[in-house]
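Single-structure report; data block below.
Computed from a prediction, not measured in an experiment: that's the story for all the values here. Proteins get letters first, then strands, A, B, ... in listed order; numbering begins at 1 in each.
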Amino acid sequence: MIITLLTDFGDVYPASMKGVILCINPAANIVDISHSVPRHDIYAGAFILMACARYFPSGTVHIAVVDPGVGTKRRAIAIKAVSKDHGNHYFIGPDNGILIPAARSIGEPEVYELTNKKLFDQEVSSTFHGRIYLHRWAYISKGMDIADVGRKISDFVDLDFGKGKKLGSVVEGMVIFIDGFGNILTNISSDLISFQPGDIMVIDNKPVVFQRSYGFCKELEPLALIEATGIWRSL
Amino acid sequence: MIITLLTDFGDVYPASMKGVILCINPAANIVDISHSVPRHDIYAGAFILMACARYFPSGTVHIAVVDPGVGTKRRAIAIKAVSKDHGNHYFIGPDNGILIPAARSIGEPEVYELTNKKLFDQEVSSTFHGRIYLHRWAYISKGMDIADVGRKISDFVDLDFGKGKKLGSVVEGMVIFIDGFGNILTNISSDLISFQPGDIMVIDNKPVVFQRSYGFCKELEPLALIEATGIWRSL
Amino acid sequence: MIITLLTDFGDVYPASMKGVILCINPAANIVDISHSVPRHDIYAGAFILMACARYFPSGTVHIAVVDPGVGTKRRAIAIKAVSKDHGNHYFIGPDNGILIPAARSIGEPEVYELTNKKLFDQEVSSTFHGRIYLHRWAYISKGMDIADVGRKISDFVDLDFGKGKKLGSVVEGMVIFIDGFGNILTNISSDLISFQPGDIMVIDNKPVVFQRSYGFCKELEPLALIEATGIWRSL
């Protein structure tokens, strides 16, 4: 079974999550998506998870923990999302929206609040809920049907990046995430953009060349492009 | 077999350790605890290993290499530690104390100096002892009893973080490690702390609110808390 | 099957490469060599790959993507290199020299341009060629003989670090890579160095002590040494 991990825990802390997973399932294949999500940045975490989740095989369990409310009464949720192209994906994490865009990128999400008493960690840790989510996942992975983890809910915290809007010749959108290369990823959908390679766009009052890819621009020259994936149609 | 790695090697260098491990045992499941231990900081390395080791399954081999004395006559040691709760854990690394707190977090350590001639690497590398430790581990993992690696010793370099001390209303302890979030982890044991959530503590002449968890404090407000694990009872 | 990854992608982006690999081969054992190669630095990437590749078992596939020309008409190549000591190693990446020193560290490289129509990704991504290389690799790993990926070529982009040169008492070389510890790794071959431990070398007009290993020098004192591996005989 493949399990992905996305957290804002940085170095060191993810290792004990992995130890716990391997105690439960020594054959688990754990893949780090990132542990460097900007601290407490649910939007960035949601975006990164959405960008990566669908590349993983059917059956993958995605655990995401970016949780400014850790230790308070935040609900924990599990989601199942299914599609013909991507198969079944499972998501486990806090009910703060972080899982929703990724689940929607697969298919219509079925969301369950984790309320089944069996699911609760015996050793309750007030600061490190990452382990609690894992224990809850453990029961699911051991054959508990997702519908038995608790009650199905529709009042989960939703999160939608939108797709920007076009007002005459102006396109307006939101910055979601700045990656390690300095790429500024926005929520502007590619269908709002009608530029051709070589055209000059004006972004924040500065001229920027629209290009098909990085290889076409000079070093240090800013450019705008449509991103690689079907999902990351950022500017 | 699960093998954890903890080093101060940073990027790049751990990959060749993994290559060597996979040559010996292609089925090894290698988990990085951290390769960003502050360079040569045995205390920080010992603390991180102690915090993580017990979450791994019985039978795990923990390899830790933070070794300011690499290339000199530092002894190499192997440790077996056993407990009912955590099973058998093995530790391999330099005799500089780094393995001791983690081994003690499992159970009473049996320490062996690696002296068996068979254990020595044919290609002796003077700077990169990480590989040497791996080769020595290889013989053990291939069925050599740990008692055959060399002589049992009791004069190993010990390392004990202590637990701080209480003098009237003052608690005094030692900073062991500052993590990537800016948490200052100390050796002060939770049984020395009698604060209630909301109480004001004075740390280094500055008032700090004692809280149950991060979710209860405002952004950028310093707080003090008892850490998540039974072991990390830091302030 | 063991697959190593070396990129300049930083955080986040490698995860979707891993997802794609695991879709194709759920049993793949993926090892990160580094994703922190200095952006677009082909020499650094080639050096790191060369330093690590030969420690991996026979049959390993090494995928390296450091590609300033991504999205342009850069050719993609696959290489097979064989030796008695290291077995068969496969390399896949752009034709910009990055794979060559690593392949040569194993044995005489057979280089193929990927031209077989079957090898091309259906979803052509203009910015993220990492996925394209993976898809091409997939056909090879599924049993396509490397000689069927395309035509054998000899006009590949070559990359040779050289070995420095000795002019009287002066040795001249090139800096290839500065690692995270501040080690300045050069292309100067150990056979050009006739110093004994304790001798004083003059590097860039500053005196530096030549030592056998780090353990022999004082803190913050610069030293020069012959590096650990047979390959990294840097100064």
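- Contact count versus chain B (heavy atoms, under 4.5 Å) is highest, among A:D32, A:I30, A:N29, A:D8, for A:D8.
- Between atom OG1 of residue B:T4 and atom NZ of residue A:K18 there is a gap of 11.5 Å, rounded to the nearest 0.5 Å.
- Listed here is the closest heavy atom pair of B:C52 and A:A15: SG-CB, 4.1 Å.
- Remark: B:H86 NE2 to A:C23 SG distance equals 9.5 Å, nearest 0.5 Å.
- Separating the CD1 atom in B:I48 from the OH atom in A:Y13 is a distance of 8.5 Å, to the nearest 0.5 Å.
- Heavy atoms of B:I2 lying under 4.5 Å from chain A belong exclusively to its side chain.
- Every residue meeting the side chain to side chain contact (heavy atoms under 4.5 Å, CB included) condition with A:P38, not counting sequence neighbours, appears here in chain and number order: A:D41, A:A44, A:F177.
- Under the side chain to side chain contact (heavy atoms under 4.5 Å, CB included) criterion, A:A103 pairs with A:I79, A:A81, A:F91, A:P109, not counting sequence neighbours.
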